[in-house]
K.L.:
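My structure is below; once you've seen it, I'll send some questions.
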Amino acid sequence: MARLDSTLSPLIGSAATHLRNARGIITVADLLAFRPTRYLSYDSELAGLHDGEFVVVIGTIKSAKTRTMSTRRGSMLTAVLTDGEREVDMTFFSARAHETKLVPGARVIAGGQVGRYNNRWQLAHPGYTQLDDAATAALPGRYPVYPAVPKLHNWNLVQAVGLVLDALDPVPDPVPAHLRERHGLIDLDRALRILHRPDTGAQLSAARDRLRYEEALVLQAVLAQRRAEKAAQEAALVIPGGGPLLAAFDARLPFSLTAGQEQVAAEIEADLGAAIPMSRLLQGEVGSGKTVLALRAMLSAVDAGAQAALLAPTEVLAVQHHRSITAMLGDLAEGGMLGGSEIGTRVALLTGSQGSASRRQALADVVSGEAGIVIGTHALIQDHVTFYDLGLVVIDEQHRFGVEQRDVLRSKAENAPHMLVMTATPIPRTIAMTVFGDMETSTLRELPAGRSPIQTFVVDEFRPGWLQRTWERVAEECRAGRQVYVVCPRIGPGQQGDAEEVTEAEDDAPDQPRPEMLGVLETVAELRGEPALAGLSIGLLHGKLAAEEKDAVMRTFAAGDLDVLVATTVIEVGVDVPNATVMVVRDADRFGVSQLHQLRGRVGRGAHAGLCLLATRAADGPAGERLAAVAATTDGFELAELDLRQRREGDILGARQSGGRGRLRYLSLAHHAEVIAAARQDAAELISADPDLSRQPLLAGVIEAWLRPEQADFLEKG
Ligand code: ADP
Ligand code: MG
């Protein structure tokens, strides 16, 4: 008899070697996890043949004919295989070996590439095997087709799996029985047997439901354990709300918080007030007022005698945060200075490219605690940066920071610091529950009142006059005193540029090669020669420019001294120029849906309405439909869900994850939100009653297997 951890070779002989070499399949469990890609039902397969397709067909030999060939020695055999209704010819150029087997009335299963010959379907030199009555009877109602394994025919695999299943002791189920019952799921033993030998489609979906739920439960149990571990971690500093610095800031805030902001502020305040370190994801569109909330949390930390660090993904953004936070604080940011506020603090800026004198000063302020708020880029997490007492870490734009970096920062604090992560990328519910599943989530759904809506239009560049009209519109806007972004998918000819940030949708890869992507360099040249734009100043920005140059360009644009800024996606994150009202995206079809939404959030941030023009040379087809979807809604969550459904799972989970052994096979983050939500509840229940799952050793074992390196990598992708 066999168990899941038995090795295969004693059970299936030499097939085991091929499976190991080609697919790394070693144990019974590995083989049973080798999922058929499709199932044939015998009566339908011959009905839907396509030229060139690889097929496996089962039928009876109707007739067989051997004839000698004039052009070469030997003879040729043609056997007609029928399912009773339709036929396919099996042809062999050396009749001898097959004549005795392919006789009329023989049952065979044959596999090969099907083609058209003399108006008939033909399998030239197919592999086949004879089926006696017993073998026929043992065949499942649906015949599984496995991914190709060199040196093995599909029926070798079917046979091998059959041998294994016949020898297999009942497989114990890691999913607790009460949960199976709750969701009406079959047990693992039955699910595995059905998966490889199903009789009906209904059985198959029951098996898949069971296997899918297990994946969701394991994933959520891991996350629930993480949350529990974090909560049990060494205590964080208790930061009460309502301190004097925060009160002074609130008093001078020129607006009142929206209802959504009030609610999130309360959530953050409750987290900070507990000795358990906060781990909260704050998501909201650009301009939804996240930074104000983060600043309030940082001021509470200072009120509690600790420091707060704000980590930005780019230098431009760090500088901008520093500028706007200092401005919002006014004299509250001049603590310890003549004329500054009594209760104020200082705001230090640490970036990679700052001068050594200012860097030294900043470092000193950080060490001494003079600076209650420290803003920086990666430079912040370098070894020689020492904090006086770090109580809160705010990370802007989560997805650009790895988990290791977060850990380094965490290690700089004596107590575990509270952690607030801000992201402007709307995160679909399933992603929030999985990739970010070890955090609590807060969401700002509305923009503060008074914000002008953005209008978006698709510009088909092939329509005569449309692009010209676009540049005229740009000129009008600039002449009215406002500014314009023109975004391109790359820097210049032959250059990747910042293209790793461009998420092309793979599903609409066209048959013809696409035109070369437009770059910043060509576009700048084009616009400088464009009569409609004569007299306007046009600048450029991309990732290959030196940091000082980037900063200088951004500053010039922010100061209003540039009319048009042609840029790559470097402007995507957080750059705030309220006077910019129009954005033109060139080759917009080269960007992902969410990314376009993100980009257009750069305009219409001031008093004037924003306009986004999505220029494309692929307005027809799926790319055009995606652009139309972006134009049709300003709801980032809706677009994020759309984006999710259009990406492949591997892209969502990260490339390294998708190659892993224990990857998700049945659970799709794009399609199974309900399963994930149910499993999340179940897992929370399980873990709170039994934190180390000592009463569920099987489940604990599956989780352990999950946490092997490549899996952990998935969970920590952030
Ligand atoms: P985010 O960080 O989400 O992009 P910010 O916090 O930077 O958003 O806010 C964007 C702009 O809106 C800032 O100028 C900010 O001062 C302003 N703002 C924030 N909250 C409100 C509010 N409740 N009412 C009016 N303006 C607000
Ligand atoms: Mg912001």
Side-chain angles (χ1 to χ4, degrees), residues 237-258 261-262 264-269 271-273 278 282 287-312 317-351 354 358-359 361-377 380 385 387-396 413 417-420 422 444 448 558 574 576 578:
L237 177 70
V238 173
I239 298 176
L245 183 53
L246 177 60
F249 174 75
D250 279 345
R252 68 183 59 191
L253 205 56
F255 47 77
S256 46
L257 298 180
T258 64
Q261 282 174 317
E262 290 282 6
V264 173
E267 287 165 356
I268 293 173
E269 187 176 322
D271 281 0
L272 293 178
M278 169 169 76
L282 170 53
S288 60
K290 299 181 297 294
T291 308
V292 174
L293 296 181
L295 179 56
R296 292 183 76 260
M298 293 194 277
L299 295 174
S300 287
V302 176
D303 273 332
Q307 287 169 299
L310 170 59
L311 214 54
L317 259 172
V319 171
Q320 188 177 294
H321 271 311
H322 183 254
R323 200 182 298 137
S324 68
I325 284 178
T326 311
M328 275 197 270
L329 288 175
D331 67 348
L332 296 176
E334 293 166 9
M337 290 184 208
L338 210 58
S341 144
E342 295 270 300
I343 48 170
T345 185
R346 248 183 254 169
V347 184
L349 174 69
L350 271 174
T351 67
Q354 79 193 132
S358 85
R359 183 172 175 78
Q361 178 61 50
L363 283 171
D365 286 352
V366 176
V367 175
S368 67
E370 295 281 310
I373 295 176
V374 186
I375 298 171
T377 55
L380 244 187
V385 181
F387 288 85
Y388 173 73
D389 182 8
L390 182 59
L392 167 68
V393 176
V394 177
I395 300 176
D396 192 7
H418 297 283
M419 189 89 62
L420 179 67
M422 303 192 283
L444 291 172
D576 194 5

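Note that the coordinates shown come from a computational prediction; the quantities given were computed from them, not determined experimentally.
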K.L.:
Backbone N or O of Y388 within a donor-acceptor pair of the Q307 side chain at under 3.5 Å?
P.N.:
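Yes; judged by distance alone, with no hydrogens or angles, the pair exists.
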K.L.:
My understanding is that only residues two or more places apart in sequence, or in another chain, count here; which of them pass side chain to side chain donor-acceptor pair (under 3.5 Å) with S324?
P.N.:
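Residues passing side chain to side chain donor-acceptor pair (under 3.5 Å) with S324: none at all.
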K.L.:
Of the non-hydrogen atoms in I343 and A248, which two are nearest, and what is the gap between them?
P.N.:
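What the structure gives for the nearest pair is CD1-CB, 3.6 Å.
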K.L.:
If you measure from CD1 on I239 to CD on E269, what distance do you get to the nearest 0.5 Å?
P.N.:
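Reported value, rounded in 0.5 Å steps: 11.0 Å.
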K.L.:
Give the minimum heavy-atom separation between A301 and A308, together with the two atoms involved.
P.N.:
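That closest heavy-atom pairing would be CB-CB, 4.3 Å.
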K.L.:
Give the minimum heavy-atom separation between G372 and V302, together with the two atoms involved.
P.N.:
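Taking G372 first and V302 second, the nearest heavy atoms are O-CG2, 3.7 Å.
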K.L.:
What closest approach, in Å, do V238 and G273 show between heavy atoms, and which atom pair accounts for it?
P.N.:
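Closest heavy-atom pair between V238 and G273: CG1-O, 3.2 Å.
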K.L.:
D303: which residues meet the side chain to side chain donor-acceptor pair (under 3.5 Å) condition with it, sequence neighbours left out?
P.N.:
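Result, side chain to side chain donor-acceptor pair (under 3.5 Å) vs D303: none returned.
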K.L.:
Within the structure provided, determine whether L253 and F249 are in side-chain contact (heavy-atom separation under 4.5 Å).
P.N.:
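A side-chain contact under 4.5 Å exists here.
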K.L.:
Might you point out which heavy atoms bring I268 and A297 nearest each other, and give the distance in Å?
P.N.:
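So the minimum-distance heavy-atom pair works out to CG2-CB, 3.9 Å.
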K.L.:
Does M298 reach the side chain of L295, with side-chain heavy atoms less than 4.5 Å apart?
P.N.:
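The answer is yes; the side chains approach within 4.5 Å.
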K.L.:
Taking C-beta and beyond as the side chain, do I373 and L310 meet within less than 4.5 Å on heavy atoms?
P.N.:
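Answer no - side chains too far apart.
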K.L.:
Using the test side chain to side chain donor-acceptor pair (under 3.5 Å), find all partners of E370 that sit at least two apart in sequence or belong to another chain.
P.N.:
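E370: side chain to side chain donor-acceptor pair (under 3.5 Å) contacts with R346.
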K.L.:
Are side-chain heavy atoms of V385 and V374 found at a separation under 4.5 Å?
P.N.:
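A side-chain contact is absent here, since even the closest heavy-atom pair is not under 4.5 Å.
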K.L.:
Any idea which heavy atoms bring A306 and L237 closest together, and the distance?
P.N.:
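So the two residues come closest at CB-CD2, 3.5 Å.
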K.L.:
Does the side chain to side chain contact (heavy atoms under 4.5 Å, CB included) test come out yes or no for D271 and H418, once each step is laid out?
P.N.:
CA-CA 8 Å; D271 281 0; H418 297 283; 5.6 Å; no
K.L.:
Go through R252 and D331 one step at a time and tell me if the side chain to side chain contact (heavy atoms under 4.5 Å, CB included) criterion holds.
P.N.:
CA-CA 11 Å; R252 68 183 59 191; D331 67 348; 2.7 Å; yes
K.L.:
Let me see the working for T326 and L349 under side chain to side chain contact (heavy atoms under 4.5 Å, CB included), right down to the final yes or no.
P.N.:
CA-CA 10 Å; T326 311; L349 174 69; over 6 Å; no
K.L.:
State the CG-CE distance between L282 and M422, to the nearest 0.5 angstrom.
P.N.:
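L282 atom CG to M422 atom CE measures 7.0 Å (nearest 0.5 Å).
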K.L.:
What is the distance from atom CD of Q261 to atom CG of L293, rounded to the nearest 0.5 Å?
P.N.:
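One finds 5.0 Å between CD of Q261 and CG of L293.
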K.L.:
Could you check whether any side-chain heavy atom of L332 comes within less than 4.5 Å of a side-chain heavy atom of L299, counting everything from C-beta outward?
P.N.:
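Heavy-atom side-chain distance check fails, nothing below 4.5 Å.
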K.L.:
Is there a side-chain contact between R296 and L257, using heavy atoms and a 4.5 Å cut-off?
P.N.:
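A side-chain contact exists here, since the closest heavy-atom pair is under 4.5 Å.
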K.L.:
Would you compute the distance between atom CG of L311 and atom NE2 of H321 and round it to the nearest 0.5 angstrom?
P.N.:
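Result: 10.0 Å between the selected atoms.
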K.L.:
To the nearest 0.5 Å, tell me how far T351 OG1 sits from I375 CD1.
P.N.:
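If I round to the nearest 0.5 Å, the distance is 11.5 Å.
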K.L.:
What distance separates H322 NE2 from L317 CG, expressed to the nearest 0.5 Å?
P.N.:
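Answer for the NE2-CG pair, H322 versus L317, is 14.0 Å.
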